[in-house]
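Heads up: the structure comes next, in structure tokens.
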Number of protein chains: 2
Amino acid sequence: MKLECATCPVRERAACAALSEEERAELARLGNSRSYERGETVFAAGDDLDACATLTHGLLKISHLDADGNERILSLVHPAGFVGEMFSPVANHDVVALAESKLCVFSRSEYEAAIDRFPALAKALLRRSAEDLFDARAQIALDAKQSAQAKVAHFLLAMAKAASDSPCHAAEEFELPLTRGEAGQLLGLTIETVSRQLGKLEKQGVIERTGARGIRIRDAARLEALGAG
Amino acid sequence: MKLECATCPVRERAACAALSEEERAELARLGNSRSYERGETVFAAGDDLDACATLTHGLLKISHLDADGNERILSLVHPAGFVGEMFSPVANHDVVALAESKLCVFSRSEYEAAIDRFPALAKALLRRSAEDLFDARAQIALDAKQSAQAKVAHFLLAMAKAASDSPCHAAEEFELPLTRGEAGQLLGLTIETVSRQLGKLEKQGVIERTGARGIRIRDAARLEALGAG
DNA sequence: CGTATGGTTGAGGTAATTCAACCTGTGTGG
DNA sequence: CCACACAGGTTGAATTACCTCAACCATACG
């Protein structure tokens, strides 16, 4: 499906935002819009990787299956995020939709040509990449030594921020887009530990659970303190 | 001190390798070579970041001090690595020399101008950044759920590879450039656990310890197996 | 209905942490 | 030259936070 940049919700934030109107129009001619259901695989590890994409709606996970068959979520991809490895012949990780998602998909060779043609695009991708690197390192810092409580608290805050429309403010009430199992894979915890920590946070009056996935934050300051520790 | 690209050991692998001879010469005029002793800080978190650099000799760590004063090593930087955040006004992390090190230092504004002038440089940085991101995610995967044994085994293999001259082959005998404490910060383990795991590996005949830091690998295959699990 | 998926809760085991003592080599100053 | 302090390292004992195993509940769906 042809791209419709005019109504794209990430037109100000995605890599292509660095381009002029004419340049963007040219790039748009190369791309197609594709939708994915929750659970659908966008790229599978080991695949020939001849495409890359910008996420416009939804949520993706980048995950890795280790030798024992355990899955670890390496990163979540939010709208305006870029996926696809430009410098590897095959995909290193799985990319799967966690929610109904829409992507602008480009052929890798054409996108690479576009990078050469539009220096601003290269710089914008460099910026995105730096952000991804920063996020990945934040995840490492979190993994470091923190208690399960801190990990879960931090996770809730991150999801609250992502659920909010405004980038600076966190949503007070929202639905988790991840199952307990997925949250566990993201945080390096078991399903049971995630569930217990949520229960503990609720008992402490920091959050309230509504249904299986609903979260309402009652004491954001407390949650923040737990997430930092 | 003026740069001497002709004798630079990373001239084939660093970002500047993507440039033509003339372009490289022009870039070289903008940079200075600086040396750092073990323990010296290259960039401190919170500093105005008006410089960036390529590591030519030695080893750096990128680390982060959390709210409780615990330090976590987010990444090691090996020769040909690039440090300095191009898109953040202040440094997010500390960068400290772990061994006697030499860097090509550039003013950030001048380097940024060079990126605009030389598209190949932007692309080379993008590639480096992608590699860093991949490494960071490998670290996340490692952190995931693995046992202390697996972490230490993996760490030893990584250090063996880094200690070797050839990129594909691992050194059989080498000196660890990190203290037990630093290794612990890198792996998310305590000093004692690192020490005990090394002792265990030695008792199993997988490695041999010579002095405080010397490591000889006796059974690389076994070490690899432990590092994967 | 019956099955499947996701979630919660409990009991018990274990690996890593914490706390603490001790060892070794290296420097520094009297 | 010895005494001492200090940083890095090892080792042991006790604790604990998380994992494992297992049962059970809720909701959705064919």
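Letters go in sequence order (proteins before strands), and every chain restarts at 1. All values derive from a computational prediction rather than experimental measurement.
One finds a salt bridge joining A:E182 and A:R38 here, because a Lys/Arg side-chain nitrogen approaches an Asp/Glu carboxylate oxygen to under 4.0 Å.
Residues B:I207 and B:R218 are not in side-chain contact: their nearest non-hydrogen atoms beyond the backbone lie 4.5 Å or more apart.
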With 3.5 Å as the limit, what N/O pairs link the protein to nucleotides 23-30 of chain D?
none

Produce the list of close N/O pairs, under 3.5 Å, pairing protein atoms with atoms of nucleotides 9-12 of chain D; give distances to one decimal.
from	atom 1	to	atom 2	distance (Å)
D:dG9	OP1	B:R213	NE	2.8
D:dG9	OP2	B:R180	N	2.7
D:dT10	OP1	B:R180	NH2	3.1
D:dT10	OP1	B:R209	NH1	2.7
D:dT10	OP2	B:R180	NE	2.6
D:dT10	OP2	B:R180	NH2	3.4
D:dT10	OP2	B:S195	OG	2.9
D:dT10	O5'	B:S195	OG	3.3
D:dG12	N7	B:R196	NH1	2.9
D:dG12	O6	B:R196	NH2	3.3

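At distances below 3.5 Å, not a single donor-acceptor pair connects side-chain atoms of B:T41 with backbone N or O atoms of B:F43. Under the 3.5 Å distance criterion, the side-chain polar atoms of A:T56 are matched with a main-chain donor or acceptor of A:K102. In terms of modelled atom types and a separation under 3.5 Å, the side chain of A:S33 and the main chain of A:L3 share no donor-acceptor contact. At least one donor-acceptor pair closer than 3.5 Å links the side chain of A:D66 to the backbone N or O of A:D68. Between the side chain of A:R127 and the backbone N or O of A:A15, no donor-acceptor pair lies under 3.5 Å. For A:R209 (side chain) and A:I215 (main-chain N/O), no donor-acceptor pair under 3.5 Å exists by modelled atom type. The backbone N or O of B:R108 sits nowhere less than 3.5 Å from a side-chain atom of B:D50 that would complete a donor-acceptor pair.
In this entry the distance linking NZ of B:K151 with C1' of C:dA15 reads 12 Å, nearest Å. A:D143 places its CG atom 13 Å from the P atom of D:dC18, with the value rounded to the nearest Å.
An angle of 20°, rounded to 10°, separates the two end axes of the helix from C:dC1-D:dG30 to C:dG30-D:dC1, each defined over five pairs.
Across all strands shown, B:Q197 has heavy atoms under 4.0 Å from sugar-phosphate atoms exclusively, and none from any base.
Listed here is the closest heavy atom pair of B:L187 and B:R72: C-NH2, 4.2 Å.
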